[in-house]
Amino acid sequence: YPGNAETDARPFPAAAPPLKNPNYALPATPTPSWEITPAEATVTITVGTYTYNGAEHKPAVTVKSGDVTVPEKEYTVTYADNINAGTASVTVTDNAGGNYTFTTKTETFTINPLVAVLKWSDDTFTYDGTAKTVTATVTNLVTGDKVTVDGYTGNTGTDVKTYTAE
């Protein structure tokens, strides 16, 4: 009879066919309804160690109901501040009306700064009475990133001695 076999979580109306025994009668409108309720699910977020690399960092997200992996269409994963060094977050939210239910879960994670390398230009000069200047450049950068070194002091000298640039 129609409406008696379903798989999704939602209410269903059912209809009974006429009885095949004339000794019995059904009420005029025997339309019971029945329901499949959503299964409880658990969210697991696996946060790793991350270092800035110019790309998004996305901790692994798993949603399970027992041993069953919940399909991705059942939930939404959103990331915030997950590119640059600092604190980032991932949030997993249940999509309403699905076959599974769970409480929204948010985890924060840290993206560590990439260690840049400061390289100084020539640092040994022979005295000739003229001012000598050293300059700094930064290497070990993510392709496309630019870093400048501004405002350092102690990088120019004329007399014979050891200088310290800061």
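Computed over heavy atoms, backbone and side chain alike; hydrogens, waters and symmetry mates excluded.
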Sort and list the pairs that fulfil side chain to side chain donor-acceptor pair (under 3.5 Å) and have at least one residue in [range], not counting sequence neighbours.
range: residues 125-134; answer: Asp128-Thr130, Asp128-Lys132, Thr130-Lys132, Thr133-Thr156
range: residues 78-93; answer: Thr91-Thr106
range: residues 65-76; answer: Thr76-Asn95

Sub-4.5 Å side-chain heavy-atom contact between Val92 and Phe102: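 Heavy-atom side-chain distance check passes, below 4.5 Å.
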Thr135 vs Ser121 side-chain heavy atoms within contact, under 4.5 Å: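 Yes, side chains in contact.
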For the student: nearest non-hydrogen atoms of Ile111 and Ala88, plus distance: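 For Ile111 and Ala88, the tightest heavy-atom pair comes out as CD1-CB, 4.2 Å.
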Which residues share a side chain to side chain contact (heavy atoms under 4.5 Å, CB included) with Val117, sequence neighbours left out: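 Val117: side chain to side chain contact (heavy atoms under 4.5 Å, CB included) contacts with Thr139, Asn140.
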Partner set under side chain to side chain contact (heavy atoms under 4.5 Å, CB included) for Val138, not counting sequence neighbours: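 Testing Val138 for side chain to side chain contact (heavy atoms under 4.5 Å, CB included), a comparison that skips the adjacent residues, returns Ala116, Leu118, Leu141, Val147, Val149.
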Within residues 84-98 or reaching into it, pairs that qualify as salt bridge (charged side-chain N to carboxylate O under 4.0 Å, His left out) - sequence neighbours excluded: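 Every pair satisfying salt bridge (charged side-chain N to carboxylate O under 4.0 Å, His left out) with a residue in residues 84-98: there are none.
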Residue pairs passing the salt bridge (charged side-chain N to carboxylate O under 4.0 Å, His left out) test where at least one lies in residues 38-53, sequence neighbours excluded: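 Sorted pair list comes back empty.
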same_hphob_cluster(Leu114, Ile83) at 4.5 Å side-chain heavy-atom cutoff: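 Per the 4.5 Å side-chain linkage, Leu114 and Ile83 are not co-clustered.
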Joint hydrophobic cluster, Val68 plus Val61, side-chain heavy atoms closer than 4.5 Å: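 Yes, it is one cluster - the side chains of Val68 and Val61 are joined through contacts under 4.5 Å.
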CA sep, side-chain torsions, deciding dist, call: Phe109, Ile45, side-chain contact (heavy atoms from CB on, under 4.5 Å): CA-CA 10 Å; Phe109 59 99; Ile45 300 172; over 6 Å; no
For Asp159, salt bridge (charged side-chain N to carboxylate O under 4.0 Å, His left out) partners two or more places apart: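 If we apply the salt bridge (charged side-chain N to carboxylate O under 4.0 Å, His left out) test to Asp159, skipping adjacent residues, there are no hits.
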Donor-acceptor pairs are to be reported for all side-chain atoms of residues 48-60 against protein atoms at under 3.5 Å, with residues two or more places apart or in another chain.
from: Tyr50; atom 1: OH; to: Gly48; atom 2: N; distance (Å): 3.0
from: Tyr52; atom 1: OH; to: Asp145; atom 2: OD1; distance (Å): 3.4
from: Tyr52; atom 1: OH; to: Asp145; atom 2: OD2; distance (Å): 2.4
from: Asn53; atom 1: OD1; to: Ala55; atom 2: N; distance (Å): 2.9
from: Asn53; atom 1: OD1; to: His57; atom 2: NE2; distance (Å): 3.4
from: His57; atom 1: NE2; to: Thr51; atom 2: O; distance (Å): 3.2

